[in-house]
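We name chains A, B, ... by the order of the sequence lines, and we start the count at 1 in each one.
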Amino acid sequence: MADKKHLYLVDGSAYIFRAYHRLPPLTNPEGTPVGAVYGYTTMLWKLADDLDAADGPTHLAVILDKSSHSFRNEIYDQYKANRPDPPEDLVPQFPLIRDATRAFSLPCIEEPDVEADDVIASYARAAQAQGWDVTIVSSDKDLMQLVGEEAGPNGPAKIDMLDTMKSARIGPEEVEEKFGVTPDKVGDVLALMGDTADNIPGIYGVGPKTASKLIAEHGNLTAALDSAEDMKKSKLKERLLEHRADAELSRILVTLKEDCELPVPLEDMALKSIPPGPLTEFLQAHGFTSLLRRLDAGSGSPERSNDLNPAKAQKAGDEGTPEGNRQPLPDMPAVDRSAYECVQTRDALDAWIAKCMNARVVAVDTETSALDAMQADLVGISLAVGPNDACYIPLDHHNEGGGGSDMFAERPEQIAREDALEALKPMLASDAVLKIGQNIKYDLNVLARYGVDVSPIDDTMIISFALDAGRGEAGIGGGHGMDELSQRHLGHTPLSFKEICGTGKKQIPFGEVPLDRATEYAAEDADVTWRLHKHLKPRLPVEGGTKVYERVDRPLIPVVAMMERNGIKVDRARLAKLSEEFATEMGKLETLIHEEAGEEFTIGSPKQLGTILFEKLGYKGGRKGKSGQFSTDQAILEKLAGDGAEIATRVLEWRQLSKLKSTYTDALQAAINPDTGRVHTSYSLVGAQTGRLSSTDPNLQNIPIRTAIGRQIREAFVADDGNVLLAADYSQIELRLAAHMADVPSLKEAFEQGEDIHARTAKEMYGEVTRDTRAAAKTINFAILYGISRWGLAGRLGVDSDEAQEVINTYFDRFPGIQNYISETLIQVKERGYSETLFGRKTWFPRINSKNQTERQGSERAAINAPIQGTSADIIKRAMARMMPALEEAGLGPRNGKGVRMLLQVHDELVFELPEGDVEAASTVIEKVMAEAAEPAVKLSIPLGVDIGHGKSWGEAH
DNA sequence: ACGATCACG
DNA sequence: GACGTACGTGATCGTA
């Protein structure tokens, strides 16, 4: 394997376009724009430098487009006809790519009459045929057809792709994830969906989803097209029949020519050490001083570049926040799991603790027996202070079947848990040592249960969220989990939990994993976390993420952790009684429904229900959705009920009860923690792209309140004896923020006067306030927050779309600031790619300029809403971070586990548990902290109203 | 694993 | 001129 050849083929032309859009507009000393060339140069550098890496190149060549004309234009004169001219300041950079490539002494290939893609395909196949591995450095979807493995003369030879912008490998799985079919069928999918960028027609009206579904079902393009004959009458059928020729033409256009001339023999592409002369000259000529410095430091062999030199970016007139600037891979050795240490003695542990104190920055990760931080036992702790400088400290490992207190359990040598924690405590609590975690809230909770405090902290997951919320693009994940971050930023795949512990029935608890394997896995997690921190943290100041991370999100981590540990008491008996009542009532309804249907069926099956209602009983209400299934959702059933269908009413009642029982009354009883007797939710700080929290296991942010029957469930959330629950919620916070952000004088005045805002809107719009006009005004107010469309509003108001348009016009007339806000927000998001809250939280919208209208409009609506929803989230988060210190200052803090405790957050509401006698004093503090939460960072032009109530239960507190 | 449905702000 | 019809979530169920 050591002498296996690995050819890297760089799609130079495509790269420079992307680099241009993602890097700051740098210029060289002569004033020539070179930002894209800089990006290209660092990328080449990095690739060439990976020569010795496990998956690095042994051979490398750059392929460029010779001209904009190719044989495809002969087949189809409209091919790429809609391509706009490249931006003015990019044009002079094209020839520089050639210069850069030559400076590295790398082969640079351009062929007439074919495209770079074809040359790449030809070289890739030629290399594969000789048994070489091939990596195509590009993210062009046409090239994804080539990905895969074929038998070669000495074992399988694989072709994959590397997207250096995203630091992501694209293998068969990624291709399949993107297209829903294997790489060899990608051409068929492309032929159906077409490509607006290349002006490839495809089938009009068929997008990626439909295309991949059709190909997956029928196997290939011809079969998919033939299948149209037998399809039921539909738009799709018509289109497939009508545009068949387009698809067939497209198939030819997307097919790569794999037998181009190969002007440079494969062997001549071997990577050699790079003569420094030409490279130095090139770097000097373009003022790439940071790279020059690295060249010098690296004694002739290029070292990896760490990032864009911020000083340089500034010199070029950049603001220091290059949008979309993905930094190249950090300067670190490859992960080497054999370097990790398993710490089994007190001496070894003490040495590590000293090492951490010395390092000042340490990544910490806990391994536990289960996922639930409130129940899991601590099994081990891993630490990392540098790349590959990591250890695992097993604390409760034992052989299979030897768990618990079994005296026959065989335990490998390890330090007693209590002793190890006692030794670690000072370091974990030391102000002089920053503890980094990936989702460190989990570790905080586990360790807190053992009496261990961890502070100060940093969290790579939260940093990633502050930088890249929403940034995921189709086919490439945008999440903030460790494996994904590692893949994206480090190009490294950590051992997966499954590989170590197995899956399903064969899964074993982490405590039973042999120590050598456990060390590899656990220490690697700490190592990767340390590396991610090294990589991500410096991006915060450069990309404007510091404020929201330092001022809003980081301080919240221990606060939310504490809320989770606090938990909330639920009245089990009351829930059980409700479950029983619901079951009885459901039984009665079931009988009635079956009687009316004339047969027994599963009411909970929308499919069966649809058949009964619309086929057997003959009610009207057509098919819907891709599945070709009848829709039986609430709106449709209510319509049927309105037309006198008794069965629809009964089904609606049954559904309500079924939902309440399974999701709430049954599930909440099961969620009671046996040790604490309370329910502990888990909040995700990165769950919602807008910056809101989300709540899981169980979700306590969607407990019923809107109907009387559902509200009974809230009555089951109760305070401990002698205590009450207090609920404090912001009143109309999003509308208030909209009034402020869009600067609407009449709405602001209404809020200042404490008026009923929907009534005020009704008065402005309709001249009078009645029940109907107020209801309509309320609908319109929400429509505004969510990004309005005339059709959407029409549906909600029960009028036609022309009338809805009238209503919208009137609204914009009366409140002109709103229209401005919407258009200015959209212009900005389209330009920069992200929206921003008043506190600087960014949410990215990678699809805001999509050619697909549905996708684009969806992004537009989300982008209108995100600054408002996100600012509201920022405000309540700030209130949460300040709440306990303020209460403590007022002498109301937790006292022997009592006093005022913050339990829940529901987007605009905070729930507390407190001694009955503290209600009045606590209300004053809580109201003040919440009302002033925006200050001093942001001065709002409207007051923030806070409503407070209390009672024995959450229901009563409202 | 995924869509349909429905609970919340 | 068609597209598909309000923003943000999570849990459960039936079905593939």
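- Rounded to a whole Å, the CG atom of A/L652 is 15 Å from the C1' atom of B/dA7.
- Only the C1' atoms considered, C/dA2 is 34 Å distant from B/dA7, to the nearest whole Å.
- Taking for each of A/A863 and A/T854 the nucleotide of DNA chain C with the nearest heavy atom, the 5'-most of the two is the partner of A/T854.
- Using a 4.0 Å heavy-atom distance criterion, A/R692 is classed as a base contact.
- Side-chain rings of A/Y619 and A/F614 stay apart, their centers remaining 6.0 Å or farther from each other.
- Not one side-chain nitrogen or oxygen of A/S801 sits closer than 4.0 Å to the OP1 or OP2 atom of C/dT5.
- OP1 or OP2 of B/dT5 has at least one side-chain nitrogen or oxygen of A/S631 nearer than 4.0 Å.
- A donor and an acceptor atom sit less than 3.5 Å apart, one in the side chain of A/Q853 and one in the base of C/dA2.
- Other residues, nucleotides and ligands contribute more than 12 heavy atoms inside 6.0 Å of the NZ atom of A/K830.
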**Message:** Expected output check: what is the dot-bracket annotation of DNA chain C, where ( ) and [ ] are pairs inside the strand (brackets for crossing ones), | is paired with another strand, and pairs are Watson-Crick or G-U under 3.5 Å?
**Reply:** ......|||||||||.
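- For C/dA6, one of the phosphate oxygens OP1 or OP2 lies less than 4.0 angstrom from a side-chain nitrogen or oxygen of A/R796.
- Remark: the A/R706 side chain and the B/dG9 base include a donor-acceptor N/O pair separated by less than 3.5 Å.
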**Prompt:** For nucleotides 9-16 of chain C, read 5' to 3', which letter fits each nucleotide if B means a protein heavy atom sits under 4.0 Å from the base, S means only the sugar-phosphate is that close, and - means neither?
**Reply:** SBBSSSSS
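- Across all strands shown, A/T779 has heavy atoms under 4.0 Å from base atoms, whether or not it also approaches the sugar-phosphate.
- Nucleotide B/dC8 holds its P atom 13 Å from the CG atom of A/L668, rounded to whole Å.
- Judged by distance alone, the side chains of A/Q656 and A/T707 do bring a donor and an acceptor atom under 3.5 Å apart.
- B/dC2 and C/dA6: their P atoms are spaced 24 Å apart (whole Å).
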**Request:** Would you check, one step at a time, whether the test salt bridge (Lys or Arg N to Asp or Glu O under 4.0 Å) holds for A/E653 with A/R650?
**Result:** CA-CA 5 Å; A/E653 289 169 350; A/R650 301 280 168 252; 3.2 Å; yes
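- The cationic atom of A/K842 (NZ for Lys, CZ for Arg) lies less than 6.0 Å from the six-membered ring centre of A/Y834 and within 45° of the ring axis.
- Ranked by how close their nearest DNA chain C nucleotide is to the 5' end, A/G787 and A/R239 are led by A/R239.
- The 12-atom threshold is not exceeded at CD of A/E580, counting heavy atoms of other residues, nucleotides or ligands nearer than 6.0 Å.
- Per the geometry, CD1 belonging to A/I848 stands 12 Å off P belonging to C/dC7, to the nearest Å.
- Remark: the A/D874 side chain and the A/T837 side chain contain an N/O donor-acceptor pair separated by less than 3.5 Å.
- At least one side-chain nitrogen or oxygen of A/R655 sits closer than 4.0 Å to the OP1 or OP2 atom of B/dC6.
- The separation between A/Q805 atom CD and C/dT5 atom P is 19 Å, rounded to whole Å.
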